[in-house]
Amino acid sequence: AQTNVTIYGVADVGIQRIDTDTTSARWGLDSGIQSGSRLGFKGSEDLGGGLSAIFTLESGYNIDTGTSAQGGRLFGRQAFVGLSGGFGAVKFGRQYTPIFIAHDTIDPFGTGIVGDASGISATFNPYGVRMDNTVNYSLTAGPISGQVAYGFGEVAGSTSANRQIGASLGYANGPLTVVGAYHDQNGAGTTAASVDARTAFIGGVFDLRAVKLHAAFADNRAETTTGGATTLRNRDYMLGVSAPIGAGNVMASYARKDDRRAGIANADADFWAVGYTHNVSKRTNLYTSYSIIKNDPASTLGSGVAGSDISWFNVGVRHKF
Amino acid sequence: AQTNVTIYGVADVGIQRIDTDTTSARWGLDSGIQSGSRLGFKGSEDLGGGLSAIFTLESGYNIDTGTSAQGGRLFGRQAFVGLSGGFGAVKFGRQYTPIFIAHDTIDPFGTGIVGDASGISATFNPYGVRMDNTVNYSLTAGPISGQVAYGFGEVAGSTSANRQIGASLGYANGPLTVVGAYHDQNGAGTTAASVDARTAFIGGVFDLRAVKLHAAFADNRAETTTGGATTLRNRDYMLGVSAPIGAGNVMASYARKDDRRAGIANADADFWAVGYTHNVSKRTNLYTSYSIIKNDPASTLGSGVAGSDISWFNVGVRHKF
Amino acid sequence: AQTNVTIYGVADVGIQRIDTDTTSARWGLDSGIQSGSRLGFKGSEDLGGGLSAIFTLESGYNIDTGTSAQGGRLFGRQAFVGLSGGFGAVKFGRQYTPIFIAHDTIDPFGTGIVGDASGISATFNPYGVRMDNTVNYSLTAGPISGQVAYGFGEVAGSTSANRQIGASLGYANGPLTVVGAYHDQNGAGTTAASVDARTAFIGGVFDLRAVKLHAAFADNRAETTTGGATTLRNRDYMLGVSAPIGAGNVMASYARKDDRRAGIANADADFWAVGYTHNVSKRTNLYTSYSIIKNDPASTLGSGVAGSDISWFNVGVRHKF
């Protein structure tokens with residue numbers, strides 16, 4: 001039947017072992033290890049004059065159980081409508097945070113495969129992958145690309161409570177890709193003492209053809225707006241390499257969380273990861289990875305238990321449609 | 001890939017300010033202001049002899065957060081299968097109430113854009129937009145159209161508890177459209193004292209070409225079936241105008257709820273609304289509106305607070321696909 | 001719009017009366033009486049060499065209310081990705097249990113239409129229609145077909161807790177179809193005393209052209225793994241017939257649950273069912289059925305009340321798309 005809609009998606013599943021210092025290993029069949037499993041509907045309408053109306057509705061799901069991802073939201077991955085043209089694109093709805101896209105561009109694993117979603121890499125972006133109630137404007141002009149996003153707080157009597165602002169600016173030319181991003185999220189409270197969290201991110205990829213070099217840095221802080229106690233203060237560093245090998249790609253990265261809160265010691269963490277993807281066809285690939293977070297005695301990253309390390313090992317398949 | 005299914009939908013989003021007497025204004029990005037955002041699947045099969053099997057499955061969603069509308073139901077807007085032919089159509093499932101369709105036909109705003117879903121217009125139809133467990137029969141013959149709907153109560157031991165009956169009859173010829181509708185919903189209880197709610201609605205549109213005139217009246221009552229205390233008793237009036245202006249349409253309406261319960265004073269409410277839609281293309285339009293409910297001291301309409309007025313202002317875009 | 005996805009589904013609705021000894025009859029509009037109402041998305045990619053990547057995502061829904069079936073799971077019916085080729089097919093995700101497919105193949109009603117989902121037929125397969133976190137391998141070679149399934153328990157520190165194993169082996173040649181199946185589900189506990197449930201099933205269909213004869217037998221037991229108390233111990237028997245009549249099919253079956261737990265008397269149950277389906281077209285049919293469970297004084301099958309019988313009568317329509 002004729003329709004204005006394109007259906008697309010990802011079905012990603014793998015066998016995965018998760019092991020921590022404090023519990024015994026858990027083997028399981030897990031969904032979306034390389035790329036979150038999804039089913040999407042999108043389309044566009046030519047409005048003339050180079051302008052188009054565009055929309056995307058994207059469900060996230062867990063293929064191992066058939067449940068919804070993103071806490072049961074029907075279109076929890078993306079839901080927006082907007083206008084696209086020579087001026088760029090302006091989109092309204094639930095959308096990726098600019099800092100997530102920046103991180104995704106730089107990370108050798110594309111923020112997938114290895115256990116980084118709940119690990120050190122997530123510390124590069126404590127605001128989550130997406131933001132609700134958002135107006136996003138983006139533009140690509142030659143080697144320069146950038147976007148700004150404003151997420152309404154929707155709190156009665158305050159236009160600042162719960163509000164989020166994000167932005168990114170990228171440069172891609174020849175072998176060099178550099179992206180900087182910033183995100184600022186206000187607390188839900190309407191008093192001046194409400195927490196304000198901010199992260200600045202910068203990262204780059206340099207393509208030497210035989211191998212790509214990846215690097216990223218983030219500075220995170222959350223504090224009361226009246227200059228009170230600091231609740232979050234850390235710097236994150238990542239170094240990575242990736243290299244094409246025949247029909248595959250091999251990746252490795254090291255990351256470090258440097259906790260800098262006053263009066264808190266031994267809360268740093270280190271993250272190592274290696275992985276390999278192998279293209280079976282244009283739309284299907286196999287993957288495997290191993291990653292580990294080494295927590296300092298006061299750090300709970302990934303494992304949720306102070307000082308407990310956590311590791312992930314997986315073998316899986318990703319099919320795009 | 002070949003399929004027997006047509007996919008369609010609406011992506012509607014706007015920036016909206018909601019203000020009441022008792023709380024400060026709230027600004028936000030809201031979904032489905034003009035038309036509820038939806039994604040639908042429908043199809044038909046020719047059975048021969050002019051008969052077709054038809055089905056519709058329609059999800060409602062909030063584009064600002066990606067969540068389901070209609071309380072998380074997967075196909076909360078419509079879900080039915082049925083037969084269509086020269087005899088009319090008989091459909092089984094979750095469907096619009098006939099009184100909603102009647103109201104939607106007459107309202108200059110099509111029950112959208114302005115804040116009427118939670119306002120006075122909703123008092124014209126206190127049964128909700130849809131009914132479950134429903135058999136609906138509809139027929140259009142020349143200028144006459146009508147439908148009857150029966151919703152099973154599904155209460156063991158009673159075929160009347162929780163049961164709904166709805167009907168409508170319309171006439172459309174030349175410049176005149178008139179629709180009458182009736183709805184009767186029994187309470188969930190199986191005793192004779194259970195509440196029985198009934199509404200009679202009549203409305204019309206007269207098209208003067210330069211401008212359309214709209215009018216509607218509803219009489220609502222809910223009472224114990226043994227003639228006990230009256231819990232709901234009000235009459236609603238609406239007058240509206242709409243006019244095409246170039247590629248757009250301008251609309252305005254005034255409505256009044258006249259509360260007639262015995263022993264309750266000052267529970268009336270008034271509703272004013274103005275709006276404008278502008279077609280950008282065949283499937284995309286912009287819209288804006290302002291509406292306000294003025295509550296008498298004992299009325300809580302829209303605001304939920306006795307005597308507190310509430311107003312809505314919005315600017316948005318609706319894209320059909 | 002072009003897509004790699006095929007959309008398909010079932011919309012099934014009927015008017016049904018359910019009656020038990022202890023409550024009054026309940027009339028209602030029910031979904032999926034013959035075949036669970038569903039909306040599915042599937043596709044495949046040719047990988048060359050006779051190999052294909054395949055996926056299926058299938059939502060179950062209730063057409064009478066628009067809600068999700070399978071407890072609100074988005075793709076609660078099926079969600080898997082896998083590879084298919086000359087070697088058979090290996091699939092990963094949420095999938096049918098092999099014992100369900102075996103039972104579905106043998107049952108004259110295809111486990112639908114009559115009230116057997118909550119009745120005696122369900123005792124043939126107490127593990128449910130589907131299993132999560134599952135790797136399934138299947139192969140058909142001439143008249144022989146078989147499959148094995150392993151469902152990860154995903155309990156930390158144990159590869160046996162909560163684990164499921166299923167298998168089936170079938171033979172279909174000329175008028176004869178025979179299927180045997182086995183299912184073993186461990187309890188969620190990690191101690192040796194955790195319950196272990198097992199069912200062995202065998203069934204067959206013999207096609208005499210004018211009529212088909214159906215028969216099935218299952219042996220169920222659940223016990224502590226250290227040989228402690230027996231919590232489930234019963235044998236199930238089914239005899240059925242089905243016959244094509246013009247554009248329709250008439251079916252009947254008798255089933256019996258023989259409870260064999262030590263120290264428990266009068267917990268058997270009997271099940272009778274008759275039904276008729278009538279094809280209106282290639283994709284649409286009407287159906288009707290009557291079925292009843294006769295519970296012994298200590299049996300609660302279907303009705304949930306000891307000794308209370310329960311019956312179902314329905315008339316409905318099923319539309320495939």
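A note on names: the letters A, B, ... follow the listed sequences, proteins ahead of strands, and every chain is numbered from 1.
Of the atoms belonging to C:Phe152, it is side-chain heavy atoms, and not backbone ones, that fall under 4.5 Å from chain A. Only the side chain of C:Phe41 comes within contact range of chain A, with at least one heavy atom under 4.5 Å from a heavy atom of that chain. Contact of A:Lys282 with chain C is made through backbone and side chain together, with heavy-atom distances under 4.5 Å. With a 4.5 Å cut-off on non-hydrogen atoms, C:Ser44 touches chain A through its backbone but not through its side chain. Proximity to chain C (any heavy atom under 4.5 Å) is restricted, for A:Leu39, to the side chain, taken from C-beta onward. Proximity to chain A is absent for every atom of C:Ser59, based on heavy atoms less than 4.5 angstrom apart. Proximity to chain C (any heavy atom under 4.5 Å) is shown, for A:Phe321, by both the backbone and the side chain.
Interatomic distance, A:Asp30 CG to C:Asn133 CG, rounded to the nearest 0.5 Å: 7.5 Å. With rounding to the nearest 0.5 Å, the separation of CZ in C:Arg73 from CG in A:Asn62 is 10.0 Å. Separating the CG atom in C:Asp132 from the OG1 atom in A:Thr65 is a distance of 5.5 Å, to the nearest 0.5 Å. Atom NE2 of residue A:His319 and atom CG of residue C:Leu47 lie 8.0 Å apart, to the nearest 0.5 angstrom. Atom CG in C:Leu74 sits 8.5 Å away from atom OG1 in A:Thr67 (nearest 0.5 Å). Rounded to the nearest 0.5 Å, atoms CZ (C:Phe80) and CG (A:Leu29) are 13.0 Å apart.
No other option in C:Ala79, C:Gly153, C:Gly48 has as many heavy-atom pairs under 4.5 Å with chain A as C:Ala79. Per-residue heavy-atom pair counts under 4.5 Å with chain C were compared for A:Gly316, A:Ala11, A:Gly28, and the maximum is reached by A:Gly28.
Judged by distance alone, with hydrogens and angles left aside, the side-chain atoms of A:Arg26 form no donor-acceptor pair with the main-chain N or O of C:Gly157 at under 3.5 Å. In this structure a side-chain-to-backbone donor-acceptor pair under 3.5 Å is missing from C:Glu45 to A:Ser281.
Counting heavy atoms from C-beta outward, A:Ile63 and C:Phe92 have side chains that stay 4.5 Å or more apart.
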